[in-house]
Amino acid sequence: MRGGRRRVMVTGLGATTPVGGDVATTWSALLEGRSGVSGLGGGWVTDSPVTIAAKAAVDPAETLSRIEVRRLDRCEQFGLVAAREAWADAGLGEGGVDPERLGVVVASGIGGVMTTISAYDSYRENGWQSVSPLTVPKLMPNGPAGWIGLEFRAMAGVHGMVSACASGADAVAYGIDMIRLGRADVILAGGTEAVIHPLTLVAFAAMHALSTRNDDPARASRPFDKERDGFVLGEGAGIVVLEAEEHARARGIRVYAEAAGAGCSGDAYHIAKPNPSGEGAVLSMRRAIADADLSPSDVVHVNAHATSTPAGDVMEVTAIRKVLGDHPVLTATKSMTGHLLGGAGGVASVVAVRTLYDRMIHPTANLDELDSAIVADVARGEPRPLPGAGPVGVLSNSFGFGGHNASLIFTGV
């Protein structure tokens, strides 16, 4: 117990990303600074100004059964792959938790958009009888949570958060609350996304949100760099197992870190643009630090949202300096994975926990020259040891269209 409330531990990790099909390969690639961004190939997007993306390193069809691939949208497939890895990593196995004390909070910012588009195309070309009865379960944003809940018989509650690019982090925050409130002992939490499709690509391009560095895909995502010109669309999933401390200790399982705090806020500024003052981001970070019962000096590292957009990166560093000063070391996972939208917060949580557990910060790729408007200590070139000793704090930020802000604090144990 901490301050009269239950402590929440991270006991399992799962991921499938543009740089690796599981946590181990993803983490190894990040430490090496290896990019998962590539060209999409001729003819895939005939008239788009953007022809690059960060596709998953391992297609889910390689690990799922043919029936599962047919029944699940691609974002649901990624979520299930990552959840299975996290579950096995936590050593829960058969009967490891009472189903009535097990919950799921898995987010997707957009849901099964590729199913929606293909079903409409089929209907328009071949009539209503050509539309699969699986269409609705595949397109609904809560589908990933629903399938994961079925897989593991979660009966404490199954929830799908939708808050754009903050969705995955919001899911972890909600999972922490469920355990603290006594509604569950174990939660599978995180995010998943799969929207690399011509329509979504040109829609983001129309907003001038994406990098157009088509001739150099691996170097297109460049958070904090003075030459950055937008984010790169990515796909995949990240899932953590959250577990009440007493439940984890009773099982004698390895604990990676404590999920110590969460803070959320709204910008109340613009549907897509960040508030240049960073006011909303400041609120979410301060709330996370207070929730974790830490002081700013305890937070030694930030896994930044850092999507590689000109305005967003400056806003975030401005906010971080207001909250933490200039002492924490920053890094940007999206420099290699691209932006997984609703899956980003889940992957960032996995990375933040591995950073704590291994006491190593992965470098930010493609950072040749720091933007003069960004004043920060950013890990680049090679991995950096995590500063400090003992149960220091690592902060992970996720911000989304709609003015959604979510900040998570993980501490060593």
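All values below come from the heavy atoms of this structure, side chains included, with hydrogens, waters and symmetry mates left out.
Using a 4.5 Å heavy-atom cutoff, the side chains of Ile239 and Leu13 are not in contact. Residues Val186 and Leu92 form a side-chain contact, since some pair of their non-hydrogen atoms from C-beta on lies under 4.5 Å apart. Between Val375 and Arg321, the closest side-chain pair of non-hydrogen atoms falls below 4.5 Å. Contact of the Val105 side chain with the Ile187 side chain is registered, since non-hydrogen atoms from C-beta on lie closer than 4.5 Å. Within the 4.5 Å cutoff, no side-chain heavy atoms of Leu242 are placed close to those of Met9. At least one side-chain heavy atom of Leu30 sits less than 4.5 Å from a side-chain heavy atom of Val351. Taking the side chain as every heavy atom from C-beta outward, Val300 and Pro328 never approach each other to under 4.5 Å. Within the 4.5 Å cutoff, the side chain of Arg74 has heavy atoms near those of the Asp59 side chain.
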Discussion item. The test is side chain to side chain contact (heavy atoms under 4.5 Å, CB included); show your working for Gln77 and Val69 and say whether it passes.
Written reply: CA-CA 7 Å; Gln77 294 171 21; Val69 171; 3.9 Å; yes

Worksheet item: Could you walk me through whether Leu80 and Glu68 pass the side chain to side chain contact (heavy atoms under 4.5 Å, CB included) check?
Response: CA-CA 10 Å; Leu80 189 57; Glu68 288 169 331; 4.2 Å; yes

Item to complete: Take Arg254 and Asp89 through the test salt bridge (charged side-chain N to carboxylate O under 4.0 Å, His left out) and record every step on the way to the result.
Response: CA-CA 9 Å; Arg254 171 256 298 115; Asp89 189 43; 3.1 Å; yes

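Sequence neighbours left out, the pairs with a member in residues 130-141 that pass side-chain hydrogen bond (donor to acceptor under 3.5 Å, both in side chains) are Ser122-Ser130. A side-chain hydrogen bond (donor to acceptor under 3.5 Å, both in side chains) check over residues 26-35, counting only residues at least two apart or in different chains, returns the pairs Thr17-Thr26, Trp27-Asp358, Ser28-Glu32, Glu32-Arg34. For residues 363-374, every residue pair satisfying the salt bridge (charged side-chain N to carboxylate O under 4.0 Å, His left out) rule, not counting sequence neighbours, is listed here: Arg219-Asp368, Arg222-Asp368, Lys226-Glu369, Arg228-Asp371. Within the structure, the ring-ring contact (aromatic ring centres under 6.0 Å, His included) test picks out the following pairs touching residues 216-265 (sequence neighbours left out): Phe204-Phe231, Phe231-His339, Tyr256-Tyr357. Pairs engaging residues 135-163 under the ring-ring contact (aromatic ring centres under 6.0 Å, His included) rule: Trp87-Phe152, His159-Tyr174 [sequence neighbours left out]. Residue pairs meeting the salt bridge (charged side-chain N to carboxylate O under 4.0 Å, His left out) criterion with at least one member in residues 184-195, sequence neighbours excluded, are Arg6-Asp185, Arg101-Asp185.
At least one donor-acceptor pair under 3.5 Å links the side chain of Glu85 to the backbone N or O of Val23. Put simply, the side chain of Asn303 never gets that close to the backbone of Ala352: no donor and acceptor are under 3.5 Å apart. Proximity of a side-chain donor or acceptor of Arg5 to a complementary backbone N or O of Arg180 within less than 3.5 Å is not detected. Within the 3.5 Å criterion, the main-chain N or O of Lys55 finds no donor-acceptor partner in the side chain of Glu235. Distance alone, capped at 3.5 Å, is enough to place a donor-acceptor pair between the Thr364 side chain and the Ala332 backbone. The closest donor-acceptor contact from the side chain of Thr192 to the backbone of Cys75 lies under 3.5 Å. With hydrogens and angles disregarded, no donor-acceptor distance shorter than 3.5 Å links the side chain of Ser284 to the backbone of Ser265. Judged by distance alone, the side chain of Ser48 and the main-chain N or O of Val202 form no donor-acceptor pair under 3.5 Å. The backbone N or O of Thr25 sits less than 3.5 Å from a side-chain atom of Asp22, completing a donor-acceptor pair. Under a 3.5 Å cut-off, the side chain of Asp229 and the backbone N or O of Thr212 do form a donor-acceptor pair.
In terms of the salt bridge (Lys or Arg N to Asp or Glu O under 4.0 Å) criterion, Arg153 has no residue partners (sequence neighbours excluded). Evaluation of the side chain to side chain donor-acceptor pair (under 3.5 Å) rule for Ser221 yields no partner, not counting sequence neighbours. Residues passing the ring pair (Phe, Tyr, Trp, His ring centres under 6.0 Å) test with Phe399, sequence neighbours excluded: His305. Legend: residues meeting side chain to side chain donor-acceptor pair (under 3.5 Å) with Arg124, ordered by chain and number and at least two apart, are Asp121. In this structure, the side chain to side chain donor-acceptor pair (under 3.5 Å) partners of Glu151, at least two apart in sequence or on a different chain, are Arg84. With sequence neighbours left out, Thr63 forms a side chain to side chain donor-acceptor pair (under 3.5 Å) with no residue at all.
Between the CD1 atom of Ile320 and the CE atom of Met315 there is a distance of 9.0 Å, given to the nearest 0.5 Å. With rounding to the nearest 0.5 Å, the separation of CD1 in Ile52 from OG in Ser211 is 4.5 Å. In this structure, Leu408 CG and Ser396 OG are separated by 5.5 Å, a value rounded to the nearest 0.5 Å. Atom OG1 of Thr200 is separated from atom CG of Leu210 by 9.0 Å, given to the nearest 0.5 angstrom.
For the residue pair His362 / Thr333, a side-chain donor-acceptor distance below 3.5 Å is found, with atom types taken as modelled. The closest side-chain donor-acceptor pair between Ser308 and Asp313, if any, does not fall under 3.5 angstrom. Judged by distance alone, the side chains of Asp267 and Asn405 do bring a donor and an acceptor atom under 3.5 Å apart.
Nearest heavy atoms, Asp170 versus Ala406: OD1-CB, 3.4 Å. A pairwise comparison of heavy atoms in Ala83 and Leu188 identifies O-CD2, 4.1 Å as the closest pair. Summarising the geometry of Ala54 relative to Val232, their closest heavy-atom pair is N-CG1, 4.0 Å, with the distance given to 0.1 Å. When all heavy atoms of Ser398 and Ala166 are compared, the closest pair comes out as O-CB, 3.7 Å. In plain terms, the two heavy atoms of Gly21 and Ala57 that are nearest each other are N-CB, 4.4 Å.
Heavy-atom contacts from other residues, nucleotides or ligands closer than 6.0 Å to CD1 of Ile67 number 12 or fewer. The 12-atom threshold is exceeded at OH of Tyr269, counting heavy atoms of other residues, nucleotides or ligands nearer than 6.0 Å. Residue Glu125 places its CD atom among more than 12 non-hydrogen atoms of other residues, nucleotides or ligands, all under 6.0 Å distant. Heavy atoms of other residues, nucleotides or ligands lying less than 6.0 angstrom from NE2 of His270 number more than 12.
Ion pairing between Asp377 and Arg384 holds under the 4.0 Å rule for side-chain N and carboxylate O. The pair Arg7-Glu246 does not count as a salt bridge, with every side-chain nitrogen at least 4.0 angstrom from each carboxylate oxygen. One finds no salt bridge joining Arg286 and Asp291 here, because no Lys/Arg side-chain nitrogen approaches an Asp/Glu carboxylate oxygen to under 4.0 Å.
His301 pairs in a side chain to side chain contact (heavy atoms under 4.5 Å, CB included) with only one of the listed residues (Leu356, Thr331, Leu330), which is Thr331.
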